[in-house]
Amino acid sequence: MTNFAAPIIATADSDAFLAELRGFDAFGAKTIQFEQDGIPYFVNEFWTSSQRQAHSLHEISYRACFKPQLPEFFISRLTASGEGVYDPFMGRGTTPLQAALMGRRPIGNDMNPLSALLTRPRLATPSLAAIEARLREIDWRAGEPERRDLLAFYHEDTLRQICALRRFLLTHSEPVDDWIKMVAINRLTGHSPGFFSVYTLPPNQAVSVESQVKINARRGQTPPPRDVGKLILKKSRALLADGPPRPHPPAILGDGDAAHTPFVASASARLIVTSPPFLDIVQYAADNWLRNWFAGIDTDAVKISAHRGEAAWSRMVRDCFVEFARVVAPGGHVAFEVGEVRGGSVLLERLVWRAVEGLPFARLFVLVNAQEFTKTSHCWGVRNNAKGVNSNRIVVLRRA
Ligand SMILES: C[S@@+](CC[C@H](N)C(=O)[O-])C[C@H]1O[C@@H](n2cnc3c(N)ncnc32)[C@H](O)[C@@H]1O
């Protein structure tokens, strides 16, 4: 599966990579290249999500996740089969999963233990028959609704089933149970009958109980009954539609601070593809409160970073790169995605560029993947703020 022209290099070679980016025109537009504040930029539509769907196993939602095409682009060009690919801020696990799908060693970390719960089961998938058999073993009527406030989201029968499942999963931890937990976490709230809840905001975050009460009043809705086991099986079927990941070296996953990851061996990663929290834009802990409750995670105990100012954010980035210098093998690469914040008024890639000064990394360039670039490439002037164009901004560095 690939969504872009075949890479011209198979191993880590920055010069060949650079040459490819300069001449890139797979989607009909030429790369725009310019320098600003001493930083080389390459702008093009380097990958596109419209071409072909990513592997079905990626299809779980998470706030501020990136598309699988992003890690795929770098993994295919900068690593070989069996090499370690790491994401220290893995979220739903897009990078480690894509690494597994491409036969690399998945390495991942996130401060929120929820991330490993979402990622691990998709790296070694159970069969649909095993999932179906396990779902039949659960006594769905055994659950006492433990939190009646959740009736704002769920019909009483549905809440009983959710509580029965939650209790079952607290005492069962076979791989098939972890799979069921992962799928259930993803079905907790959403906007369609495919979710356990009544209509609520998009599936990647849960509003507070008070807000849900207001949504219900505004829409004149009450939570309808749902069959939790059936919905889990249906989503499992969809996730498994493209088959299991290729054979790959065993995964290494952790749940610490990205700046301190002793479980990741020195020089074990050939490539990091990651996207840190952007200043204080997303409240990961608050967004995930309901998922954390279901999974038995104490949200207050998860110390997720929210860096209000640019100085604090830059310090966090530097601390992380000190750790990256240990875990990335010499000659390996880091692709550090920063996206757009505050309408483009803060260019985070420049903060990164400055923050890593003096560390053992060659700062190569900033790659900007501009979606719909073929239609809008005329917007990219010297000032490079293309309004209305979604872009990923990725600082690319090589470990000395
Ligand atoms: C932008 S999201 C990453 C999304 C990911 N690329 C994906 O595709 O799902 C940033 C993640 O960083 C995590 N995080 C925040 N501060 C952290 C820290 N100090 N160390 C490790 N993870 C952290 C958050 O929990 C969140 O999942």
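We count ligands from 1, going down the list as the structure has it; atoms in each ligand are counted the same way.
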Open item on the list: Geometry only, no angles: is Ala258 polar-contacting ligand 1 at N/O separations under 3.5 Å?
Closed with: yes

Open item on the list: With nothing but distance in play, are any N or O atoms of Arg63 less than 3.5 Å from an N or O of ligand 1?
Closed with: no

- [ ] Number the atoms of ligand 1 from 1 as they appear, then name those within less than 4.0 Å of a heavy atom of Pro276, with their elements.
- [x] 1 (C)

Open item on the list: Determine whether Phe361 and Phe321 satisfy the following criterion, ring-ring contact (aromatic ring centres under 6.0 Å, His included), listing intermediate values before the conclusion.
Closed with: CA-CA 9 Å; Phe361 286 97; Phe321 271 86; 5.4 Å; yes

Open item on the list: At less than 4.0 angstrom from any non-hydrogen atom of Gly256, what atoms of ligand 1 do you find?
Closed with: 20 (N), 21 (C)

TODO: Apply the side chain to side chain donor-acceptor pair (under 3.5 Å) test between Thr200 and each candidate in His191, Arg219, Gln221, Gln212; give the one that qualifies.
DONE: Gln212

- [ ] Report, in ascending order of atom number, the atoms of ligand 1 lying under 4.0 Å from any heavy atom of Asp257.
- [x] 18 (C), 19 (N), 20 (N)

Open item on the list: Need the ligand 1 atom indices (1-based, order shown) with element for anything under 4.0 Å from a heavy-atom of Arg92.
Closed with: 7 (C), 9 (O)

Task: Aromatic contact, Phe42 with Phe24 (centres under 6.0 Å) - done: no

Task: Location of contacts on Pro88 toward ligand 1, heavy atoms closer than 4.0 Å - done: backbone

Open item on the list: For ligand 1 and Met111, I'd like to know whether there is a polar contact (N/O to N/O, distance under 3.5 Å).
Closed with: yes

- [ ] Could you tell me whether Glu72 and Lys67 have a side-chain N and a carboxylate O separated by less than 4.0 Å?
- [x] no

- [ ] Flag the pair Glu357 and Arg318 as a salt bridge only when some basic side-chain nitrogen lies within less than 4.0 angstrom of an acidic carboxylate oxygen.
- [x] no

- [ ] Could you see which bit of Glu337 sits under 4.0 Å from ligand 1, with heavy atoms only: side chain, backbone, both or neither?
- [x] neither

- [ ] Quick one: list whatever passes side-chain contact (heavy atoms from CB on, under 4.5 Å) with Ile39, sequence neighbours left out.
- [x] Tyr41, Arg350, Trp353, Val366

Task: Pairwise side-chain contact, Phe74 with Ile394, heavy-atom cut-off 4.5 Å (strictly under) - done: yes

Task: Arg77 to Phe73, cation-pi by 6.0 Å centre distance and 45° axis angle - done: yes

Open item on the list: Would the distance check show the side chain of Thr95 and the main-chain N or O of Val273 forming a donor-acceptor pair, the cut-off being under 3.5 Å?
Closed with: yes

- [ ] Would you mind running through ligand 1 and noting each atom that sits below 4.0 Å from a heavy atom of Met90?
- [x] 5 (C), 7 (C), 9 (O)

TODO: Would you list the pairs meeting salt bridge (charged side-chain N to carboxylate O under 4.0 Å, His left out) in which at least one residue belongs to residues 115-139, sequence neighbours left out?
DONE: Arg134-Glu137, Arg134-Asp177

- [ ] May I ask you to check if ligand 1 and Asp110 share an N or O to N or O distance below 3.5 Å?
- [x] yes

Task: Proximal atoms of ligand 1 relative to Thr94 (non-hydrogen, under 4.0 Å) - done: 7 (C), 8 (O), 9 (O)

Open item on the list: Give the atom numbers and elements of ligand 1 that come within less than 4.0 Å of a heavy atom of Tyr62.
Closed with: 9 (O), 25 (O), 26 (C), 27 (O)

Task: Any N or O of Ser275 closer than 3.5 Å to N or O of ligand 1 - done: no

Task: Any N/O pair Ser115/ligand 1 closer than 3.5 Å - done: no

